[in-house]
Amino acid sequence: MNTRGLRSQLKDSVPVTGMGPQVGAYGVQDTLRSGFSSVKNELLPSHALELSEKNFQLNQDKINFSNLRNIQGLHAPLKLQMEYRAARQIQRLPFLQSSHLALDTLKGNDESISFEDILNDPAQSEMMGEPHVMVEYKLGMM
Amino acid sequence: RKMATLSVCQPQLGGFSFENCKRNAVLEAEVTKLGCNIPSARKTGTTICGVVFKDGIVLGADTRATEGMIVADKNCSKIHYISPNIYCCGAGTAADTEMTTQIISSNLELHSLSTSRLPRVATANRMLKQMLFRYQGHIGAALVLGGVDCNGPHLYSIYPHGSTDKLPYVTMGSGSLAAMAVFEDRYKQDMEEEDAKRLVRDAIAAGIFNDLGSGSNIDLCVITKGRVDYLRPHDMANKKGVRTGNYKYKQGTTGVLTKSVIKLDLEVVEETVQTMDTS
């Protein structure tokens with residue numbers, strides 16, 4: 001849910017994570033994982049909404065947590081984030097579709113429908129990842 | 001190969017995908033160089049309006065959908081259902097108004113199941129304005145939202161960028177100025193239902209006859225506490241005319257001078273039977 005009035009949160013300002021070059025280890029372009037780079041692709045988003053949509057959920061969470069911290073104290077967002085972290089681990093292997101049921105219930109997404117549920121459903125995606133590569137990446141072996 | 005490795009790092013998210021935007025921009029530039037136009041979205045260049053009367057709300061809309069200069073739909077329905085006591089008229093891009101009202105209707109239904117109360121118009125208003133502001137006006141939906149809830153009748157107008165107004169009478173769409181002229185002249189507080197219906201009908205008719213983007217019939221929706229009258233069509237302002245003359249000639253008008261019959265010799269070359277699997 002949106003909150004109104006961000007003046008009280010100016011000190012907890014939200015940085016926008018941009019489209020910068022995908023850096024891997026050693027701070028160089030990670031060609032193996034993200035393909036060849038192009039200056040135009042990285043500097044300019046292809047649509048005015050691309051950046052804001054990519055970070056929408058993150059920004060909403062940050063706003064809500066900082067609001068909660070200001071109202072109820074530090075313990076409230078800490079407890080919630082601990083629960084989110086625990087619920088996020090209840091999922092299948094990386095290349096399989098997980099329902100994220102616990103996480104959705106905690107966040108309240110089970111009681112609302114938005115374009116994320118209707119358009120571009122990841123379960124209907126035509127592309128599949130490489131199972132070995134994805135598991136190795138998740139376990140940090142790669 | 002490249003796509004497979006891409007999906008390793010970023011988890012797949014639903015929602016809008018901006019993959020083709022750069023390609024579309026390039027295509028548009030190429031097509032404009034050749035002098036053609038890319039296809040345009042279907043809009044509802046429209047007149048929609050709403051008025052608060054003594055016991056509730058009257059919403060009105062015309063029924064023409066345009067695609068550039070062509071009428072795409074002569075009888076489209078612009079008054080959308082949101083909840084049993086709330087209805088919403090939509091102007092702007094037809095797909096956007098349709099999808100937006102359906103999403104908000106679903107969300108409101110879930111919300112009312114969760115609170116086990118009849119939904120309020122203010123809730124629908126807030127959901128709509130937050131969604132439209134999130135997309136910064138790229139979703140071209142201008143809406144007139146009206147309904148009756150536990151606090152009485154409410155009427156809101158919602159603009160594509162997310163601003164809303166709560167007023168006793170509102171108009172939206174390309175014919176909004178014509179309709180507003182009628183409202184400004186004849187609106188009174190606490191009208192009777194028949195007066196309110198006549199006022200809305202006249203306002204939409206003004207839009208239909210004075211604006212090219214609006215036309216065809218007039219739909220009305222009367223919402224009162226416990227009752228909804230969806231009158232479609234309420235008034236057929238632009239009936240297609242009936243041809244008065246007939247260009248068909250009676251049999252025997254032309255005299256027959258001679259008649260000769262030539263039989264064509266057709267022989268059967270091949271005969272095959274193909275059985276259908278009707279299981």
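Just so it is clear: chains get the letters A, B, ... in the order the sequence lines come, proteins before strands, and each one is counted from 1.
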Other residues, nucleotides, ligands: >12 heavy atoms within 6.0 Å of [X] [atom1]:
X: B:Lys74; atom1: NZ; value: no
X: B:Ile70; atom1: CD1; value: no
X: B:Phe16; atom1: CZ; value: yes
X: A:Arg88; atom1: CZ; value: yes
X: A:His75; atom1: NE2; value: yes
X: B:Leu113; atom1: CG; value: yes

Under 4.5 Å from any heavy atom of chain A - which part of B:Ser106: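 For B:Ser106, side-chain heavy atoms alone lie under 4.5 Å from chain A.
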Is B:Tyr135 close to chain A through its backbone or its side chain, or both, or neither, when contacts mean heavy atoms under 4.5 Å?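 Contact with chain A: backbone and side chain both.
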Contact part of A:Leu49 toward chain B, heavy-atom cut-off under 4.5 Å: side chain, backbone, both or neither?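 Contact with chain B involves both backbone and side-chain atoms of A:Leu49.
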Need one label for A:Glu111: side chain, backbone, both or neither, based on atoms under 4.5 Å from any heavy atom in chain B.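 For A:Glu111, the contact with chain B is made by backbone and side chain together.
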For A:Ser112 against B:Asn107, the heavy-atom pair lying closest together: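 Looks like CA-OD1, 3.2 Å.
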Interface residue of largest heavy-atom contact number with chain A, from B:His111, B:Met127, B:Met99, B:His138, under 4.5 Å: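 If we count pairs closer than 4.5 Å to chain A, B:His138 comes out on top.
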Chain B interface, residue from A:Ile118, A:Asp117, A:Leu119, A:Asp110 that has the most non-hydrogen pairs under 4.5 Å: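 Answer, by heavy-atom pair count under 4.5 Å with chain B: A:Leu119.
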So do the side chains of B:Phe18 and A:Lys54 get within less than 4.5 Å of each other, counting heavy atoms only?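 Of all side-chain heavy-atom pairs linking A:Lys54 with B:Phe18, none is under 4.5 Å.
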